[in-house]
Amino acid sequence: MGRWQPSDQQVMSGPVVESAPAVEPAALDFSQLHRAGRPGWWRAAVGVALVVAASLIVVPIVVTPVFVLALVLTGSSASAALDSISDLSQVTPVLLAYVNVVLALGIGVVMLVTRALHGLRPRWVSSVAPRLRWGYLVACLGAALVTMCVVVVLSAFIPAAADEAGWDGKINDFTTQSRNFLLVIALLTPLQAAGEEYVYRGYLTQAFGGIFAGSAGRAVAVLGPALIFALAHGQQDLPIFFDRFAFGLIAGVLVLRTGGLEAGIAMHVINNWVALGLGVMFGDMNATLQPTGGSWATIAVTVVQSLLYLALALKIAQRMGLSRTVSAELVGPVRPVYRSSSAL
């Protein structure tokens with residue numbers, strides 16, 4: 001065998017140096033996506049303040065004149081129109097529509113803050129895809145409907161659950177108001193549910209996850225939004241508060257385990273559709289939307305529903321092969337494009 005001789009090219013180029021292995025870019029889960037945007041922990045704090053202020057002040061200021069004008073054009077006086085969307089003691093279809101629209105516009109608020117403050121494309125608030133994964137969302141709607149049927153059956157055996165919702169076992173008379181309620185529920189409630197998910201499980205999850213690192217950060221990203229979500233529903237008895245807090249926890253866990261908002265949106269939509277629909281047909285809408293009492297007996301039903309839905313949603317995500325993380329390089333902040341003007 002002949003002895004190996006280096007080629008002329010190898011001799012001219014000097015000694016061969018082994019290149020360092022390529023460093024894989026960091027994989028980010030949904031709660032960590034802000035870390036790929038513009039730096040600065042303060043952005044999350046400012047962003048939360050902006051989202052809250054816009055949702056509670058700016059959006060109602062914009063929406064209120066539109067509703068008042070629409071009602072005036074249909075023959076109502078300006079004062080009566082204003083009362084119809086501000087009197088929370090008597091829930092009407094108009095008031096429900098107003099609340100749904102205000103909450104739904106939270107989607108736009110979150111997207112604007114994400115783009116302007118963090119420099120990220122708004123689509124990253126939906127999932128690590130980055131978009132709403134509609135196939136998974138539809139599948140989760142089916143899973144949520146199955147678990148809600150279980151809840152309705154179980155609730156029939158727990159009188160406290162029916163009393164809490166204002167159901168007396170009798171079917172209400174179907175009136176024009178009933179029809180209007182059902183139209184609002186069918187058309188606007190999904191947008192309202194999605195709006196709340198984009199605010200709490202979308203922006204707040206990413207804000208907390210951007211501030212706190214590691215496993216502790218993920219825990220805070222689930223617990224923080226769930227607590228704020230429950231508190232945002234106003235004065236409530238402890239069992240009702242716990243029920244809403246548990247809902248937020250399950251939705252938060254699903255966001256991290258599936259990489260997006262779809263499972264939380266589906267659960268929220270079905271929950272509100274069924275609760276409000278049953279309130280129109282069998283109960284009282286004031287009691288449905290503003291429950292004043294609660295029973296710990298209903299928590300057993302909540303636990304069964306939550307755990308069953310969690311298992312189904314995770315199984316579906318696994319079967320569909322959904323990704324929970326994304327490369328930080330793919331997220332990256334949006335950089336402005338500067339174009340030079342040519343001389344005329």
Side-chain angles (χ1 to χ4, degrees), residues 55 59-109 132 134 137-138 140-149 151-152 155 162 164-199 233-234 244 247 261-262 264-291:
S55 300
V59 171
I61 288 175
V62 173
V63 173
T64 297
V66 176
F67 266 77
V68 170
L69 178 60
L71 292 172
V72 168
L73 291 177
T74 59
S76 177
S77 66
S79 60
L82 190 59
D83 289 340
S84 67
I85 60 175
S86 59
D87 184 8
L88 300 180
S89 64
Q90 184 60 43
V91 178
T92 64
V94 172
L95 176 59
L96 182 61
Y98 174 80
V99 172
N100 281 350
V101 169
V102 169
L103 293 175
L105 288 176
I107 299 174
V109 170
L132 274 179
W134 289 100
L137 177 58
V138 172
C140 285
L141 286 172
L145 185 59
V146 169
T147 60
M148 185 55 67
C149 290
V151 167
V152 172
S155 297
E164 181 179 325
W167 304 344
D168 56 9
K170 299 179 182 178
I171 299 177
N172 295 331
D173 294 333
F174 191 82
T175 63
T176 301
Q177 186 179 58
S178 303
R179 180 203 63 194
N180 293 342
F181 265 129
L182 292 177
L183 285 173
V184 171
I185 293 167
L187 299 176
L188 296 180
T189 293
L191 297 177
Q192 166 262 318
E196 290 194 61
E197 290 306 306
Y198 268 87
V199 170
H233 284 80
R244 288 162 174 166
F247 178 97
L261 300 179
E262 299 88 357
I265 291 174
M267 180 170 64
H268 208 146
V269 169
I270 294 299
N271 180 77
N272 288 6
W273 260 348
V274 172
L276 295 175
L278 291 176
V280 172
M281 292 189 296
F282 298 100
D284 175 77
M285 288 300 288
N286 288 329
T288 301
L289 287 171
Q290 304 175 68

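Between V91 and F181, the shortest heavy-atom contact is O-CZ, 3.6 Å. Minimum interatomic distance between I85 and L95 (heavy atoms only, all atoms of both residues): O-CD1, 3.4 Å. What you find for P60 and S55 is that their closest heavy atoms are CD-O, 3.3 Å. Listed here is the closest heavy atom pair of A193 and N272: CB-ND2, 4.4 Å. Among all heavy-atom pairs drawn from L71 and S84, the shortest one is CD1-OG, 3.3 Å. Heavy atoms only, all atoms of each residue included: E196 and L103 are closest at OE2-CD1, 3.8 Å.
Atom NE2 of H268 is separated from atom CD of E197 by 5.5 Å, given to the nearest 0.5 angstrom. Atoms CG and CE, on L145 and M267 in that order, are 14.0 Å from each other to the nearest 0.5 Å. Considering OG1 of T147 and CD1 of I270, their distance stands at 8.5 Å, rounded to 0.5 Å. One finds the CD atom of Q192 at 8.0 Å from the CG atom of L96 (value rounded to the nearest 0.5 Å). A distance of 4.5 Å separates CZ in F282 from CD1 in I171, rounded to the nearest 0.5 Å. Rounding to the nearest 0.5 angstrom, the gap separating the CG atom in D173 from the CE atom in M281 is 14.0 Å.
A heavy-atom distance below 4.5 Å is found between the side chains of L289 and L276. I265 is listed as a side-chain neighbour of L137, based on a closest heavy-atom distance under 4.5 Å. Side-chain atoms of L82 and T64, non-hydrogen and from C-beta on, do get closer than 4.5 Å to each other.
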Applying side chain to side chain contact (heavy atoms under 4.5 Å, CB included), run through F67 and V102 and close with a yes or a no. CA-CA 11 Å; F67 266 77; V102 169; over 6 Å; no

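Remark: the backbone N or O of I185 is paired with a side-chain donor or acceptor of T189 at under 3.5 angstrom. Judged by distance alone, with hydrogens and angles left aside, the side-chain atoms of N100 form no donor-acceptor pair with the main-chain N or O of L191 at under 3.5 Å.
Side chains of Y98 and S86: no donor on one and acceptor on the other come within 3.5 Å.
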